[in-house]
Protein chains: 2
Amino acid sequence: MNISEAAKLSGLAAKTIRYYESIDLLDLPRRGANGYRRYQDGDVQTLCFLRQARQFGFNIDQCRLLLALYKNPQRRSAEVHHLVSEKLAEVDAHIRELGETRDLLAQLVGACPNDEASGCSIIDTLAGQPEQVVAEKKR
Amino acid sequence: MNISEAAKLSGLAAKTIRYYESIDLLDLPRRGANGYRRYQDGDVQTLCFLRQARQFGFNIDQCRLLLALYKNPQRRSAEVHHLVSEKLAEVDAHIRELGETRDLLAQLVGACPNDEASGCSIIDTLAGQPEQVVAEKKR
DNA sequence: CTAAGCCTTACAGCAACTAGAAGGTCAAGG
DNA sequence: CCTTGACCTTCTAGTTGCTGTAAGGCTTAG
């Protein structure tokens with residue numbers, strides 16, 4: 001199959017597939033007589049793997065590692081487990097951080113008069129020195 | 001004060017301040033006889049404002065809007081309220097999305113044997129077609 | 001024969017900085 | 001007076017993970 005078919009099946013953009021190839025994340029595919037890239041079912045599996053890994057938040061270098069494990073029948077599942085639980089911890093931390101941000105934003109929204117006047121606690125808070133917000137964060 | 005002092009007080013990197021200037025987010029500051037940028041307390045307030053707004057997740061263009069409101073004594077607090085509650089909704093959506101990702105990752109971590117053998121449900125799941133994960137997502 | 005819809009490469013641009021080079025300025029110490 | 005180190009200046013290029021655009025070749029249907 002050609003690249004657009006592989007793209008459709010894998011959920012990646014054709015551009016993205018070429019890009020992955022250009023950064024050596026993917027092996028060079030076989031080419032047809034016309035110079036077109038040709039993909040097999042196994043290649044599509046690999047593309048799917050990458051798409052999912054990216055969706056899970058793994059960056060390109062982490063995908064490289066995961067892909068190496070994926071392709072290596074001698075892998076130890078513990079290695080995979082390690083990578084994934086690290087990512088889980090990262091995502092958890094990110095969520096906590098965003099949660100704090102959300103709470104602060106909600107505070108701002110709640111405290112703003114939301115009217116035609118110029119007085120605005122949001123503006124006042126944002127203009128304040130860092131410590132003020134940090135202090136509120138701790139409460 | 002010079003730029004590094006303003007940077008320290010505001011919590012922004014000196015490089016970032018110059019960058020903000022280069023994209024017209026900040027006005028050109030006065031310069032000393034030696035060509036060094038000179039900042040006043042009011043400038044530091046503005047820098048703090050930007051730092052906080054960025055930390056709250058506003059992008060540069062949104063910061064431009066917020067900054068205009070900040071500097072405009074004729075602003076209506078409702079405008080500020082609008083911008084901030086939109087951001088709150090965005091952050092909320094982002095958190096929900098990340099929450100789903102986290103749950104899926106936790107599932108993967110839990111299902112992996114985490115041993116010396118090569119069999120690994122994580123690898124298997126990642127290699128699967130999109131629908132499989134989507135289906136799990138819905139459960 | 002031509003129009004569309006693929007495919008190819010290569011270069012540019014996005015956000016929001018960050019790093020580095022190459023050089024000017026300033027204050028303190030020997 | 002000279003040097004050293006910490007500032008400051010501008011400029012260019014790199015980061016991440018693509019995405020857009022241009023300019024051209026292949027393929028297939030009408």
Side-chain angles (χ1 to χ4, degrees), chain A residues 1-40 43-44 46-67 87 90-91 94 97 101, chain B residues 1-40 43-44 46-67 87 90-91 94 97 101:
Chain A
M1 75 189 82
N2 285 344
I3 197 168
S4 66
E5 177 81 3
K8 199 161 51 177
L9 290 177
S10 66
L12 289 173
K15 282 251 174 203
T16 304
I17 297 174
R18 292 196 198 97
Y19 169 69
Y20 285 172
E21 196 188 311
S22 80
I23 58 170
D24 291 319
L25 180 57
L26 291 171
D27 295 336
L28 300 176
R30 295 197 196 105
R31 302 284 184 134
N34 50 14
Y36 290 10
R37 290 167 180 80
R38 322 232 68 231
Y39 296 92
Q40 316 290 131
D43 300 327
V44 172
T46 302
L47 295 174
C48 285
F49 183 89
L50 286 175
R51 195 188 59 78
Q52 308 246 51
R54 289 287 299 127
Q55 220 161 48
F56 275 112
F58 293 97
N59 68 23
I60 297 287
D61 273 348
Q62 292 164 339
C63 285
R64 248 180 252 279
L65 294 176
L66 283 171
L67 201 51
K87 179 56 62 181
E90 263 176 50
V91 170
H94 194 176
E97 213 176 292
T101 297
Chain B
M1 73 189 83
N2 285 344
I3 197 168
S4 66
E5 177 83 3
K8 200 162 50 178
L9 290 178
S10 67
L12 289 173
K15 285 250 178 201
T16 303
I17 298 175
R18 292 196 199 95
Y19 169 69
Y20 285 172
E21 197 188 308
S22 81
I23 59 170
D24 291 318
L25 180 56
L26 290 172
D27 295 335
L28 300 176
R30 297 199 194 103
R31 302 283 185 135
N34 50 15
Y36 290 10
R37 289 168 180 79
R38 324 232 66 230
Y39 296 91
Q40 316 292 128
D43 301 327
V44 172
T46 301
L47 296 174
C48 286
F49 184 89
L50 285 175
R51 194 189 59 79
Q52 308 246 50
R54 289 288 299 127
Q55 220 162 48
F56 274 112
F58 292 97
N59 68 23
I60 297 286
D61 273 349
Q62 292 164 337
C63 285
R64 248 180 252 279
L65 294 176
L66 283 171
L67 201 51
K87 179 55 63 183
E90 264 176 50
V91 170
H94 194 176
E97 213 177 293
T101 297

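Residue numbers begin at 1 in each chain, while the letters A, B, ... track the order of the sequences. Hydrogens, waters and symmetry mates are skipped; everything else that's a heavy atom, side chains included, is used.
- Between B:E90 and B:K87, at least one side-chain N (NZ, or NE/NH1/NH2) sits under 4.0 Å from a carboxylate O, which counts as a salt bridge.
- Among the heavy atoms of the strands lying under 4.0 Å from A:R31 are primed sugar atoms or P, OP1, OP2 only; no base atom is included.
- In this structure, B:T16 does not reach the C:dA16 phosphate: none of its side-chain N or O atoms is under 4.0 Å from OP1 or OP2.
- Between the A:N34 side chain and the A:Y36 main chain, a donor and an acceptor come within less than 3.5 Å of each other.
- Checking side-chain atoms of B:R37 against main-chain N and O of B:I3 turns up no donor-acceptor pair under 3.5 Å.
- Judged by atom type and distance alone, A:Y20 does not reach the base of D:dG17 through any side-chain donor-acceptor pair under 3.5 Å.
- At least one side-chain nitrogen or oxygen of B:R37 sits closer than 4.0 Å to the OP1 or OP2 atom of D:dT10.
- Contact annotation: B:R18 does not reach the phosphate of C:dC17 (side-chain N/O to OP1 or OP2, under 4.0 Å).
- Each of B:D61 and B:A33 was matched to the nucleotide of DNA chain C holding its nearest heavy atom; the match closer to the 5' end belongs to B:D61.
- With hydrogens and angles left out, the side chain of A:K15 and the base of D:dG17 share no donor-acceptor pair within 3.5 Å.
- A donor-acceptor pair under 3.5 Å is formed between the side chain of A:Q62 and the backbone N or O of A:N59.
- The shortest distance between the side-chain N/O atoms of A:N59 and the OP1/OP2 oxygens of D:dT16 is not below 4.0 Å.
- For the pair A:R64 and D:dG17, the criterion of a side-chain N or O lying under 4.0 Å from OP1 or OP2 is not met.
- The residue among A:E5 and B:A13 whose nearest nucleotide of DNA chain C is located toward the 5' end is A:E5.
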